[in-house]
Amino acid sequence: MKEIVFATHNAHKASEIRNILGDSVKVKTLTDINLFEEIPENGNTFEENSFLKADFVRARVSDFTMCIADDSGLMVEALDGAPGVFSARYAGEPADDKRNVAKLLDNLKGVENRRAKFVTVITALINDKSYSFRGEIEGVIIDECRGTNGFGYDPVFVPDGYDLTFAQLPSEVKNSISHRARAIRKFVDFINNL
Ligand code: IMP
């Protein structure tokens, strides 16, 4: 059976990937392999950050194990792509979803162009090769919070083709169209064809 180490402690992310992968691949998290060191994440792009995380883990597991890592964020057109790779800590340390959303709405006050997209990049390292898979979903940022599901910027993001925010949509709907789901599906197609 193929085995993958996913560079996350987040059980939700791990189960999202397991659900799409099925039983043919075993996915272990950092918690499963007892790796609790802090992973550097100081790249300028989602590709760089996901590579850095996967590479950090690769150095600590066997050569023959596939390592994957993801990095995600929100890119707002009128803010030249911000908060981007700084999405988690947009309003400073410690990371705080409510303060991040408040800062975003503040920065978009009076701004007409509300276009934005969520992006996820998954990097997979297999032996000495690196592969990356990008998923995106486009939409708009509304000017107030709506809904209680999800996390992060979900209450202010309405995906194209819907009238509800990610935080109002049922989680099954968000999880079937999200940037993360799209990147995961690309990765799963790749690994199933290896
Ligand atoms: P991560 O790389 O998946 O940890 O995401 C970094 C940050 O981007 C999160 O802390 C959120 O602020 C934002 N983000 C990523 N994905 C989502 C999402 O699906 N909904 C809302 N915010 C998200």
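Order of appearance sets the numbers: ligands from 1, and atoms from 1 within every ligand. For clarity, every value in this text was computed on a predicted model and none was experimentally measured.
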- H9 vs F36 aromatic rings, parallel, tilted or perpendicular, using cut-offs 30° and 60°? parallel
- Nearest protein heavy atom to atom 22 (N) of ligand 1, by residue and atom, and its distance? Y153 N, 3.2 Å
- Task: Tell me, with the steps shown, if S178 and N175 meet side chain to side chain donor-acceptor pair (under 3.5 Å).
- Result: CA-CA 5 Å; S178 78; N175 292 340; 5.0 Å; no
- Query: Parallel, tilted or perpendicular: which describes the rings of F157 and F166, with under 30° parallel and over 60° perpendicular?
  - Reply: tilted
- For atom 8 (O) of ligand 1, grab the closest protein heavy atom and report residue, atom and distance to one decimal in Å. S87 CB, 3.4 Å
- Are any of the N or O atoms of D70 closer than 3.5 Å to those of ligand 1? no
- Query: Take atom CZ in F86; do more than 12 heavy atoms of anything else shown fall under 6.0 Å from it?
  - Reply: no
- Task: For atom 14 (N) of ligand 1, find the nearest protein heavy atom and state the residue, atom name and distance (0.1 Å precision).
- Result: F151 CE1, 3.9 Å
- Item | Close-contact set for ligand 1 against G152 heavy atoms, below 4.0 Å | 21 (C), 22 (N)
- Residue, atom and distance of the protein heavy atom nearest atom 4 (O) of ligand 1 read K13 NZ, 3.5 Å
- ligand 1-proximal atoms of F118, by part, heavy-atom distance under 4.0 Å: side chain
- Item | More than 12 heavy atoms of other groups within 6.0 Å of K26 NZ | no
- Item | Closest protein heavy atom (residue, atom, distance) for atom 6 (C) of ligand 1 | S72 O, 3.3 Å
- Task: Starting from atom 16 (N) of ligand 1, find the nearest protein heavy-atom neighbour and note its residue, name and distance.
- Result: R180 NH2, 2.8 Å
- Going by heavy atoms, is D154 under 4.0 Å from ligand 1? yes
- Message: Please determine whether a side-chain nitrogen of the Lys or Arg among R114 and E77 lies less than 4.0 Å from a carboxylate oxygen of the Asp or Glu.
- Response: no
- Task: Among all protein heavy atoms, pick out the one at the shortest distance from atom 19 (O) of ligand 1; state its residue, atom name and that distance to 0.1 Å.
- Result: K174 NZ, 2.7 Å
- Kindly indicate whether a cation-pi arrangement holds for K186 with F133, taking the cut-offs as under 6.0 Å to the six-membered ring centre and within 45° of the axis. no
- Query: Would D71 count as a contact of ligand 1 if the rule is a heavy atom under 4.0 Å away?
  - Reply: yes
- Item | Residue G73 vicinity, atoms of ligand 1 by number, heavy atom under 4.0 Å | 8 (O)
- Compute whether any side-chain donor of one residue and acceptor of the other, for Y90 and N107, lie under 3.5 angstrom apart. yes
- State whether F56 and R58 meet the cation-pi test: NZ (Lys) or CZ (Arg) under 6.0 Å from the six-membered ring centroid, and within 45° of the perpendicular axis. no
